[in-house]
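Below is one structure; the comments refer to it alone.
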There are 2 protein chains.
Amino acid sequence: MDRQAVSAELLAVIVAMVDDQPCVLTLGAVPRLPAGPLMPGHRSLQAATRAWVEEQTGRRLGYLEQLYTFVDLDVAQATPRSLSVSYLGLTTPTADTGIGGWRAWYDLMPWEDTRPGTGLLEARITPSILAWAESDPVQAAERRQRCAITFGLAGQPWQTDLALQRYELLYEVGLVPESPAAWRLPEAQLVPGERMVGDHRRVLATGLARLRAKIQYRPVVFELMAQEFTLRQLQDCLEALAGKAVHTQNFRRLVEQQALVEETGAMDASTGGRPARLYRFRREILQQRHAAGTKLPTTRGR
Amino acid sequence: MDRQAVSAELLAVIVAMVDDQPCVLTLGAVPRLPAGPLMPGHRSLQAATRAWVEEQTGRRLGYLEQLYTFVDLDVAQATPRSLSVSYLGLTTPTADTGIGGWRAWYDLMPWEDTRPGTGLLEARITPSILAWAESDPVQAAERRQRCAITFGLAGQPWQTDLALQRYELLYEVGLVPESPAAWRLPEAQLVPGERMVGDHRRVLATGLARLRAKIQYRPVVFELMAQEFTLRQLQDCLEALAGKAVHTQNFRRLVEQQALVEETGAMDASTGGRPARLYRFRREILQQRHAAGTKLPTTRGR
DNA sequence: ATTGCTTTTGCTCAGATATAGCAAAAGCAA
DNA sequence: TTGCTTTTGCTATATCTGAGCAAAAGCAAT
């Protein structure tokens with residue numbers, strides 16, 4: 001049997017909030033995700049990932065979940081060469097920066113932040129992808145639909161967890177420099193955002209999408225929060241992760257109703273306005289029921 | 001660098017409805033999942049899985065999605081030996097059975113079917129796991145909670161998509177024969193259900209859980225249905241997958257409201273009662289919006 | 001002290017959804 | 001025609017959700 005022996009590599013998307021910005025742990029000048037090969041002595045893929053990240057960054061990891069596995073082909077022979085198993089990890093930032101550094105994930109994919117601001121979508125991306133859609137008369141209708149769904153055009157809602165689909169579309173259109181289709185466009189038209197080594201930006205998009213989806217049905221945000229926090233800080237964190245704003249009062253109602261948090265009794269007066277109560281995550285809830293996440297109150301109006 | 005070369009194996013949980021029973025494709029006398037190594041010439045993991053399943057069973061696959069990747073350890077040296085990438089696939093059964101055969105998944109894990117019937121849970125499982133919980137005074141409270149959540153005891157609702165957690169609990173308690181803890185119990189106390197090769201039953205549980213979860217937020221059931229079907233057949237299918245019954249009228253309202261299906265105009269008179277309209281899945285919806293799945297109407301009372 | 005600004009917190013209201021049950025419609029079989 | 005089955009339509013009630021108003025509680029400057 002022509003069974004193929006390949007090397008296996010672990011790849012980690014490690015997320016933390018730094019200065020109220022969602023960041024990802026990267027290494028090197030051209031950013032790359034922490035990674036390392038599977039080696040003898042590793043008892044599991046998860047343990048191996050932990051070991052590599054901790055060795056490369058001097059940081060302890062909390063939450064860690066498997067993302068996706070894909071195969072790297074040998075370019076010349078189109079033969080499997082190595083297997084990459086990617087993981088998503090959540091932590092709180094520590095004082096020492098270790099070897100690696102935190103990089104704001106909206107510097108790496110600015111189009112994922114739709115909070116009031118750049119106008120990047122309207123000004124740059126929408127025209128480009130729509131032009132691409134029309135450029136092939138046969139598939140135009142289908143392509144238009146795809147653009148509308150992934151980027152929330154034509155009355156479609158913006159869906160935060162379609163991050164991967166959006167990256168794939170930009171890649172296909174050639175709007176990111178790492179795409180083979182990028183030569184078709186003048187460099188000035190490319191979408192801003194720092195590129196990464198290999199297909200790491202794609203893996204990052206996968207992690208982003210997974211995190212945004214997961215947050216909605218499992219209480220994982222708290223892995224990113226300090227021990228004590230105000231509801232506003234929690235909201236800011238979720239808004240930063242989702243890249244969109246939510247209705248404050250409804251958000252509070254949702255969180256309190258679910259009994260995800262409890263008051264510590266202390267207050268935080270450094271808010272600039274009325275002092276806010278401090279809360280902590282009720283860890284017991286993980287054992288008391290199969291707790292849901294923090295659904296973001298949506299807006300009706302488009 | 002002591003980089004480890006391992007072999008990679010693909011493993012597939014292929015599901016179809018056969019005679020209104022959810023079944024999984026297995027091979028061999030002691031059931032095992034279709035599998036095969038990653039080989040030169042395979043362009044992707046997904047393609048490799050397709051190839052293997054089609055070769056081993058002579059069956060074309062429709063939907064296919066990656067489940068999970070884990071590493072098999074060399075028992076003696078605790079060194080990684082091979083990587084298994086598991087997939088979940090959905091099809092409709094064809095007339096020819098190929099080499100493999102369909103096996104009802106509730107024969108493999110009877111406890112996952114809670115529709116009126118066996119009383120397996122109350123009579124056999126609940127007492128055993130509660131006894132296990134109490135057997136360690138220190139962890140008793142915690143264990144009791146875990147049992148209650150995973151198996152829906154003490155007022156907790158039964159959650160269909162905790163199939164993996166339930167299997168893991170049974171494994172830990174030693175109620176399944178493949179568990180190393182099974183020696184502690186007399187064989188008559190073991191939970192019924194055919195065992196599988198290696199840890200395939202665990203992989204099956206993973207697939208089951210994923211399918212049950214996925215059905216709720218993406219319209220994948222239709223991959224298991226015939227071209228045309230009555231709403232009752234659709235409901236039967238979902239009930240069989242979820243292993244629990246739902247309120248018929250509300251189910252119909254949910255499905256129609258979402259515009260997931262459209263009438264074909266034809267009727268099916270073979271129902272035994274009033275003839276039912278035939279429907280088909282509106283495939284367009286996949287392109288028109290990011291369509292949701294068929295949420296199962298819940299019941300308030302426990 | 002008062003005014004203005006900010007943020008937190010409490011509350012309400014209308015529209016939408018969900019659960020549950022009643023009952024008629026439409027077939028077959030005895 | 002009667003009894004049985006399944007499909008289908010409809011309604012009452014409870015709950016949830018989106019949206020907005022406004023008071024409470026701090027700080028800073030006047």
Side-chain angles (χ1 to χ4, degrees), chain A residues 20 157-160 216-217 228-240 242 244-280 291-302, chain B residues 20 116 157-158 160 216-217 228-240 242 244-280 291-302:
Chain A
D20 298 328
W158 173 269
Q159 300 195 71
T160 63
Q216 315 225 7
Y217 60 94
E228 304 197 346
F229 48 85
T230 67
L231 290 185
R232 162 58 57 176
Q233 288 168 337
L234 182 60
Q235 182 182 345
D236 283 343
C237 177
L238 282 162
E239 286 185 343
K244 76 175 188 185
V246 304
H247 182 121
T248 305
Q249 296 98 313
N250 290 342
F251 170 75
R252 313 175 104 258
R253 183 177 53 188
L254 234 62
V255 172
E256 284 172 343
Q257 206 171 39
Q258 295 220 79
L260 289 172
V261 297
E262 65 191 355
E263 299 182 26
T264 66
M267 306 282 281
D268 176 7
S270 66
T271 55
R274 172 173 173 171
R277 295 177 213 267
L278 282 169
Y279 291 83
R280 77 169 67 89
T294 45
K295 281 208 188 59
L296 300 180
T298 56
T299 47
R300 224 190 291 281
R302 283 174 178 163
Chain B
D20 298 329
W158 172 270
T160 63
Q216 314 225 8
Y217 61 94
E228 304 197 347
F229 48 85
T230 67
L231 290 185
R232 162 57 57 180
Q233 288 169 336
L234 182 61
Q235 182 183 347
D236 283 342
C237 176
L238 283 161
E239 285 185 343
K244 77 175 188 187
V246 304
H247 182 121
T248 305
Q249 297 97 310
N250 290 343
F251 170 75
R252 313 176 101 260
R253 183 166 45 85
L254 235 61
V255 173
E256 285 174 340
Q257 204 173 42
Q258 296 221 76
L260 288 171
V261 298
E262 63 191 356
E263 299 183 26
T264 67
M267 306 282 283
D268 177 8
S270 65
T271 55
R274 171 173 173 174
R277 295 178 214 265
L278 283 169
Y279 291 82
R280 77 169 68 88
T294 44
K295 280 208 189 59
L296 300 180
T298 56
T299 48
R300 225 190 291 280
R302 280 170 181 167

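Naming convention: chains lettered A, B, ... in sequence-line order (proteins, then strands); numbering from 1 in each chain.
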Inset, instruction - Please map the stems of DNA chain C, keeping only stretches of three or more Watson-Crick or G-U wobble pairs with both distances under 3.5 angstrom. - result: C:1-30 with D:1-30

So, using side-chain contact (heavy atoms from CB on, under 4.5 Å) as the criterion, who are the partners of [X] when residues are at least two apart?
X: L254(B); value: Q257(B), K295(B), P297(B)
X: E256(B); value: L231(B), R252(B), Y279(B)
X: E262(A); value: R280(A), R282(A), E284(A)

Inset, instruction - Describe the nucleic acid contact of R252(B) in one word from base, sugar-phosphate, nothing, applying a heavy-atom distance below 4.0 Å. - result: base

Legend entry - Non-neighbouring partners of R274(A) that pass salt bridge (Lys or Arg N to Asp or Glu O under 4.0 Å), sequence neighbours left out: none

Inset, instruction - For Q249(B) and for Q257(B), locate the closest nucleotide of DNA chain C by heavy-atom distance; then report the residue assigned to the nucleotide nearer the 5' terminus. - result: Q257(B)

Whole angstrom value for the distance that separates [atom2] of [N] from [atom1] of [X]:
X: F251(B); N: dG9(D); atom1: CZ; atom2: P; result: 15 Å
X: L254(A); N: dC16(D); atom1: CG; atom2: C1'; result: 9 Å
X: N250(B); N: dT15(D); atom1: CG; atom2: C1'; result: 14 Å
X: D236(A); N: dT8(C); atom1: CG; atom2: C1'; result: 13 Å
X: H247(B); N: dG9(D); atom1: NE2; atom2: C1'; result: 12 Å
X: Q258(B); N: dT17(C); atom1: CD; atom2: C1'; result: 12 Å
X: F229(B); N: dT6(D); atom1: CZ; atom2: P; result: 20 Å
X: E256(B); N: dT17(C); atom1: CD; atom2: P; result: 16 Å

Inset, instruction - Would you mind reporting whether Q235(A) and V246(A) have side-chain heavy atoms less than 4.5 Å apart? - result: yes

Inset, instruction - Ignoring backbone atoms, establish whether R253(A) has a side-chain N or O less than 4.0 Å from OP1 or OP2 of dT12(C). - result: no

Legend entry - Distance test, side-chain N/O of R277(A) to OP1/OP2 of dT8(C), below 4.0 Å: no

Legend entry - Base-contact (B) and sugar-phosphate-only (S) positions in nucleotides 25-30 of chain D, heavy-atom cut-off under 4.0 Å, - elsewhere: BB----

Inset, instruction - Report the C-alpha distance between T248(A) and R232(A) in whole Å, list the side-chain angles of each, state the deciding distance to 0.1 Å, and finish with yes or no for side-chain hydrogen bond (donor to acceptor under 3.5 Å, both in side chains). - result: CA-CA 8 Å; T248(A) 305; R232(A) 162 58 57 176; 3.3 Å; yes

Legend entry - Rounded distance (nearest 0.5 Å) linking atom NZ of K244(B) with atom OG1 of T160(B): 5.5 Å

Legend entry - Separation between CG of D236(A) and CZ of F229(A), rounded to the nearest 0.5 Å: 12.5 Å

Legend entry - Side-chain donor or acceptor of Q258(B) paired with backbone N/O of V255(B) under 3.5 Å: no

